[in-house]
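The structure under discussion appears below in the form of structure tokens.
Proteins come first, then strands; the chains are lettered A, B, ... in the order of their sequence lines, and each starts at number 1. Side chains are part of it too, since the values below use all heavy atoms of this structure and drop only hydrogens, waters and symmetry mates.
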Amino acid sequence: MPELPEVETTRRGVEPHCVGRAIAGVVVREPRLRWPVPNQLATLLVGQIIESVERRAKYLLFRTQTGSLLVHLGMSGSLRLVDADASPARHDHIDVLLDDEVCLRYHDPRRFGCFLWLGAGENHPLLAHLGPEPLSSQFDGDVLYQRSRGRKSPVKNFIMDGKVVVGVGNIYANEALFISGIRPDRAAGRISAARYQRLAKNIKQVLTSAIDQGGTTLRDFVGGDGSPGYFAQRLLVYGRAGQPCTCCDAALREVRLGQRSSVFCATCQR
DNA sequence: CGCTGACCCTGACGGC
DNA sequence: TGCCGTCAGGGTCAGC
């Protein structure tokens, strides 16, 4: 499920319940995630107070005085707040017990996510080479233009490269390219500065509006059923191969780029 | 350095 | 009803 807007929605949902609270316990039922969950995770976390919940790319960082819990949701992960006495379901791999009967519960059928420890002052290798946040002023059309010179790979792969800009997943890469009128298979190095200005703006716009919509499910995040309405009804191209383009009515086409499905309108996107 | 493809894993779905 | 292939929002890594 998680693209950047959902990770951010998760962050906003859990933050008020975590900040200022002490960690009373950690239960790891299944340590085999993308990387093994460290054995000493419970020892490191118990007794620590969560000072903040931050996000970098699609990673969540639960900061304490001695370091941070680094969480990634992978393809199928979710973090929810549940009553500490709620019995775990299948694929509920990890519980972080907070100090007053609230439990932060990690669910991840495919186990592509991770739960790692990052000591205070350390720079985790997973975070070391990440590009700018898409919603920050560090990211703009100039960054895309400069970094793309000489690149032959498709522009869609290029904007999904975390060293260029973080947090642009498959859905929003497709959507932003459609809105920008750029074919996903066009070589990144052969796109003008002006078009990259538009693309950067549209990446920001598309992510921002998705976060806003994620926010609408936020109020029942605690004790919610875990299936937010999401924003599928707003998608213009993703998941719509063969259906008419919302702009010109031509059938949307699908190609695979970097093993990921890419949907576009051959008329509107050049 | 840039690029491609394999891989990690479970579950849903369509065709037969 | 079941079996099989394909695909799914993530990202790393080896190899060329």
Side-chain angles (χ1 to χ4, degrees), chain A residues 1-11 29-37 55-60 70-79 89-94 106-116 124-131 134 144 146-178 184-191 203 206-207 209-211 213-214 217 226-242 254-263:
Chain A
M1 282 209 174
E3 284 227 15
L4 184 141
E6 270 162 313
V7 177
E8 178 60 22
T9 297
T10 297
R11 190 196 70 75
R29 294 182 202 84
E30 174 54 87
R32 295 174 302 168
L33 303 185
R34 177 69 171 82
W35 292 281
V37 178
R55 180 186 59 73
R56 175 73 176 105
K58 292 171 188 164
Y59 293 93
L60 290 170
L70 184 62
V71 176
H72 197 290
L73 303 177
M75 288 277 249
S76 57
S78 61
L79 265 183
R90 186 161 158 77
H91 303 307
D92 283 347
H93 303 314
I94 299 174
Y106 178 72
H107 176 88
D108 187 5
R110 293 178 74 180
R111 292 190 275 118
F112 286 177
C114 65
F115 252 66
L116 296 171
H124 200 283
L126 290 171
L127 305 179
H129 305 291
L130 294 177
L144 288 181
Q146 298 300 337
R147 295 276 267 129
S148 63
R149 293 309 90 184
R151 294 244 195 160
K152 300 195 154 197
S153 62
V155 61
K156 176 159 172 282
N157 301 29
F158 174 69
I159 61 173
M160 290 179 70
D161 180 347
K163 293 190 287 301
V164 174
V165 56
V166 300
V168 182
N170 197 36
I171 294 176
Y172 296 108
N174 278 303
E175 296 299 306
L177 288 166
F178 173 73
D185 56 357
R186 175 170 285 274
R190 304 197 56 244
I191 292 172
I203 287 171
V206 128
L207 291 175
S209 74
I211 290 171
Q213 292 182 55
T217 63
S227 53
Y230 209 40
F231 29 69
Q233 68 279 6
R234 303 269 187 189
L235 299 176
L236 302 176
V237 286
Y238 182 82
R240 295 193 64 242
E254 179 167 21
V255 292
R256 296 195 77 75
L257 299 172
Q259 283 105 267
R260 293 207 138 87
S261 94
S262 311
V263 187

- Classify the side-chain pair N174(A)/Y172(A) by whether it contains a donor and acceptor separated by less than 3.5 Å. no
- Given dG9(C), dT12(C), dT10(B), the nucleotide with the shortest approach to the side chain of L126(A): dT12(C)
- Message: Under 4.0 Å from OP1 or OP2 of dC8(B): is there any side-chain N or O of R111(A) that close?
- Response: no
- Note on the structure: Closest to the side chain of S261(A), out of dT12(C), dG9(C), dG11(B), is dG9(C)
- Message: Given dG9(C), dA8(C), dC3(B), identify the nucleotide with an atom nearest to the side chain of E254(A).
- Response: dA8(C)
- Query: Taking all atoms of both residues into account, what is the closest heavy-atom pair of K156(A) and L257(A), and its distance?
  - Reply: CB-CD1, 4.2 Å
- Let me know the distance between CG of N170(A) and C1' of dC7(C), rounded to the nearest Å. 12 Å
- Item | Between dC3(B) (P) and F158(A) (CZ): distance, integer Å | 9 Å
- Item | Assigned partner base of dA6(B), Watson-Crick or wobble definition, under 3.5 Å | dT12(C)
- Is there a side-chain polar atom (N or O) of K152(A) under 4.0 Å from OP1 or OP2 of dC3(B)? no
- Query: Do we count F112(A) as stacking onto dC9(B) if the rule is ring centres under 5.5 Å and planes under 30°?
  - Reply: no
- Please report, rounded to the nearest Å, how far the C1' atom of dG11(B) is from the CZ atom of R90(A). 9 Å
- Quick one: is H91(A) getting a side-chain N or O under 4.0 Å of the dG11(B) phosphate, OP1 or OP2? yes
- Message: From CZ of R256(A) over to C1' of dG5(B), roughly how many Å is that when rounded to an integer?
- Response: 13 Å
- Please give, in whole Å, the distance from dC9(B) C1' to E30(A) CD? 11 Å
- Query: Under 4.0 Å between a side-chain N or O of R32(A) and OP1 or OP2 of dT10(B)?
  - Reply: no
- Among the nucleotides dG11(B), dA8(C), dG11(C), which one has an atom lying closest to any side-chain atom of H72(A)? dG11(C)
- Item | Other residues, nucleotides, ligands: >12 heavy atoms within 6.0 Å of R29(A) CZ | yes
- Message: Heavy atoms only, 4.0 Å cut-off, all strands: where does R147(A) land among base, sugar-phosphate and nothing?
- Response: nothing
- Would one find a side-chain N or O of S153(A) under 4.0 angstrom from OP1 or OP2 of dC3(B)? yes
- Salt-bridge test for R256(A) and D185(A): reply yes if a basic N is under 4.0 Å from a carboxylate O, no otherwise. no
- Kindly give the heavy-atom pair with the smallest separation between V166(A) and G131(A), and that separation in Å. CG1-O, 3.5 Å
- Query: Could you state the NZ-C1' distance from K58(A) to dT12(C), rounded to the nearest angstrom?
  - Reply: 14 Å
- Item | R151(A) side chain near dC1(B) phosphate (N/O to OP1/OP2, under 4.0 Å) | no
- Query: To the nearest angstrom, how far is M75(A) atom CE from dA12(B) atom C1'?
  - Reply: 13 Å
- OP1, OP2 of dG9(C) versus side-chain N and O of S76(A): anything below 4.0 Å? no
- Ranking R34(A) and G150(A) by the position along DNA chain B of their nearest nucleotide, the one closer to 5' is G150(A)
- Would you mind reading off the distance between H129(A) atom NE2 and dG11(C) atom P, rounded to a whole angstrom? 16 Å
- Query: Regarding D92(A) and H107(A), is there a side-chain donor-to-acceptor distance under 3.5 Å anywhere?
  - Reply: yes
- Query: Quick one: which of dT10(B), dG9(C), dC7(B) gets closest to the side chain of R110(A)?
  - Reply: dT10(B)
- Does a side-chain N or O from Y238(A) land closer than 4.0 Å to OP1 or OP2 of dG9(C), or not? yes
